[in-house]
Amino acid sequence: MKNELRRRMLACRREMDELTYERRSRLLSDRLIDLLRLRLVRSPEEGGPQAPWMLYVPAKRRREPDIEPVLRWIWSTGRPLLLPRVKDAGGAMEACLVTAPDQLAPGAFGLLEPAPDIPAYGRPQDIPLMLLPGLAFDGNGYRLGYGGGYYDRFLERLRLLRRAAGMTPDLPELWAASFEFQRVPRVPAEPHDMPVSRLVTEAGVYDFPGGEPR
Ligand SMILES: Nc1nc2c(c(=O)[nH]1)N(C=O)[C@@H](CNc1ccc(C(=O)N[C@@H](CCC(=O)O)C(=O)O)cc1)CN2
Ligand SMILES: Nc1ncnc2c1ncn2[C@@H]1O[C@H](COP(=O)(O)OP(=O)(O)OP(=O)(O)O)[C@@H](O)[C@H]1O
């Protein structure tokens, strides 16, 4: 089920011609910047002014939405930006503070990630907002990834850290970016899967109840 959907979505992304990919990515990025700007205006102190947002480094060869303009915009605002790095084959991922693109280097799976000399961020449990990539999303915000379980495990770790520190369990808020054709009626979900509350595509913004049992 999951693998069939993965194959189909990977094929659809590969079939996009370069211009379409760039145009859709630009629309999606503009939309995201608008939403993030609104968030800055509405709650400038969210989690403290230094609370970092965690996004992703677009794998352009895999045709993930190219959100480079969003990363550059965040850097221009001074808000700290965290980017993911695969820690080991066991499925662990960490977050690193990155302040410029030259701090990225090819890592696991050929993905660009924070270079090895960049330390892992010490307080990931403070992250108020994350933007996740994905291959497919359904009407409840359930997400299909490449199958490594990296985000699920990372979020599980954040939950444990927050519990240990006596913090509320509800953060981070989860947003995702994908192309419109990656919206599907249903993603086969497992108990560890955590739904996103908002999906941004080149065509619109979709808010989900989030955390609904299924
Ligand atoms: N840009 C970006 N960064 C990311 C993710 C992502 O989805 N996008 N991840 C989100 O989790 C993590 C990396 N997860 C990945 C998981 C699997 C494969 C992968 O290529 N798997 C092989 C098959 C698995 C294997 O090697 O056994 C493949 O698809 O060919 C790549 C990345 C962290 N960083
Ligand atoms: N919190 C967790 N603890 C232990 N194993 C997990 C956890 N979350 C996921 N896994 C395991 O990781 C594997 C991949 O999970 P899944 O198919 O949900 O990945 P994905 O969401 O597509 O990938 P990714 O998060 O890397 O984009 C599965 O074998 C799953 O059992």
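Atoms within a ligand are numbered from 1 in the order they appear, just like the ligands themselves.
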Distance from atom 16 (P) of ligand 2 to nearest protein heavy atom, with residue and atom: Lys2 NZ, 3.8 Å

Looking at atom 23 (C) of ligand 1, would you say a protein heavy atom lies below 4.0 Å from it? no

Atoms of ligand 1, numbered as shown, that sit under 4.0 Å from any heavy atom of Tyr151: 9 (N), 10 (C), 11 (O)

List the steps, then state whether side chain to side chain contact (heavy atoms under 4.5 Å, CB included) holds for Leu135 with Leu5. CA-CA 8 Å; Leu135 283 172; Leu5 189 55; over 6 Å; no

Any N/O of Tyr150 closer than 3.5 Å to an N/O of ligand 2? yes

Tell me, which protein residue and heavy-atom name are nearest atom 15 (O) of ligand 2, and how many Å apart are they? Gly149 CA, 3.6 Å

Passing option when Glu4 is tested against Lys2, Arg6, Arg7 for salt bridge (charged side-chain N to carboxylate O under 4.0 Å, His left out): Arg7

In plain terms, say whether Arg72 and Glu68 are close enough for a salt bridge, that is, a side-chain N and a carboxylate O under 4.0 Å apart. yes

Answer yes when Asp34 and Arg37 have at least one side-chain N-carboxylate O distance shorter than 4.0 Å, and no when they do not. yes

How far does CG of Leu36 sit from OG1 of Thr77, to the nearest 0.5 angstrom? 9.0 Å

Among all protein heavy atoms, pick out the one at the shortest distance from atom 11 (C) of ligand 2; state its residue, atom name and that distance to 0.1 Å. Arg153 NH2, 3.5 Å

Does the structure place the NZ or CZ of Arg24 under 6.0 Å from the centre of the six-membered ring of Phe181, at an angle of no more than 45° from the ring's axis? no

So which protein heavy atom does atom 27 (O) of ligand 2 come closest to, and at what separation? Arg143 NH2, 2.6 Å

Relative to each other, are the rings of Trp73 and Trp53 parallel, tilted or perpendicular (30° and 60° limits)? parallel

With a 4.0 Å cut-off on heavy atoms, is Gly147 touching ligand 1? no

Does Gln182 reach the main-chain N or O of Met9 with its side chain, forming a donor-acceptor pair under 3.5 Å? no

Given 3.5 Å as the limit, does a donor-acceptor pair link the side chain of Ser178 with the main chain of Ala136, or not? no

Any N/O of Val57 closer than 3.5 Å to an N/O of ligand 1? yes

Starting from atom 28 (C) of ligand 2, locate the nearest protein heavy atom and write down its residue, its atom name and how far away it is, to 0.1 Å. His192 CE1, 4.5 Å

Answer yes or no for atom 1 (N) of ligand 1: protein heavy atom present at a distance under 4.0 Å? yes

Protein heavy atoms near atom 31 (C) of ligand 1, is at least one of them under 4.0 angstrom away? yes

I want to know if ligand 1 touches Arg62 in the polar sense, i.e. an N/O pair below 3.5 angstrom. yes

Is Gly91 near ligand 2, meaning one of its heavy atoms is under 4.0 Å from it? no

Ignoring hydrogens, what is the shortest heavy-atom contact between Arg39 and Pro128? Give both atom names and the distance. NH2-O, 4.0 Å

Protein heavy atom under 4.0 Å of atom 13 (C) of ligand 1: yes

Does ligand 1 have any atom that is closer than 4.0 Å to a heavy atom of Arg6? no

Does Leu155 reach the side chain of Leu174, with side-chain heavy atoms less than 4.5 Å apart? yes

A student checking ligand 2 against Arg6 at a 4.0 Å heavy-atom cut-off should list atoms 17 (O), 22 (O)

Test Glu18 against every option in Arg63, Arg23, Lys60 by the salt bridge (charged side-chain N to carboxylate O under 4.0 Å, His left out) rule and name the one that passes. Arg63

Given Val57, which partner from the list Ile67, Leu111, Leu83 fulfils the side chain to side chain contact (heavy atoms under 4.5 Å, CB included) test? Leu83

shortest atom 13 (C) of ligand 2-to-protein heavy-atom contact is with Gly147 O, 3.9 Å

Please could you name the atoms of ligand 1 that Pro133 approaches to less than 4.0 Å, counting only its heavy atoms? 6 (C), 7 (O), 8 (N)

For Tyr146, the atoms of ligand 2 under 4.0 Å from one of its heavy atoms are 22 (O), 23 (O), 27 (O)

So which of Leu83, Leu112, Leu111 gets nearest to atom 34 (N) of ligand 1, if we judge by its closest heavy atom? Leu111

Say you draw a straight line from CE of Met130 to CE of Met54; how long is it, rounded to the nearest 0.5 Å? 4.5 Å

Report, in ascending order of atom number, the atoms of ligand 2 lying under 4.0 Å from any heavy atom of Tyr151. 25 (O)

Does Met93 reach ligand 2, in the sense of a heavy atom lying below 4.0 Å from it? no

Is Glu113 touching ligand 1 with its side chain, its backbone, both, or neither, if touching means heavy atoms under 4.0 Å apart? neither

Residue, atom and distance of the protein heavy atom nearest atom 33 (C) of ligand 1 read Met93 SD, 3.6 Å

Please check atom 18 (C) of ligand 1 for a protein heavy-atom neighbour under 4.0 Å. yes

In sequence, state the C-alpha distance, the side-chain angles, and the governing distance for Leu199 and Arg143, and then conclude on side chain to side chain contact (heavy atoms under 4.5 Å, CB included). CA-CA 10 Å; Leu199 175 68; Arg143 163 185 173 275; over 6 Å; no

Walk me through whether Glu190 and Asp152 qualify under side chain to side chain contact (heavy atoms under 4.5 Å, CB included). CA-CA 10 Å; Glu190 290 167 66; Asp152 298 325; over 6 Å; no

To which protein heavy atom is atom 25 (C) of ligand 1 closest, and what is the distance rounded to 0.1 Å? Phe109 CE2, 4.6 Å

I need the atoms of ligand 2 closer than 4.0 Å to a non-hydrogen atom of Asp193, numbered in the order shown. 18 (O)

Arg159 bridged to Glu156 by N-O distance under 4.0 Å: yes

Do any N/O atoms on Glu64 end up under 3.5 angstrom from N/O atoms on ligand 1? yes

The protein heavy atom nearest to atom 22 (O) of ligand 2 is Gly145 N, 2.8 Å

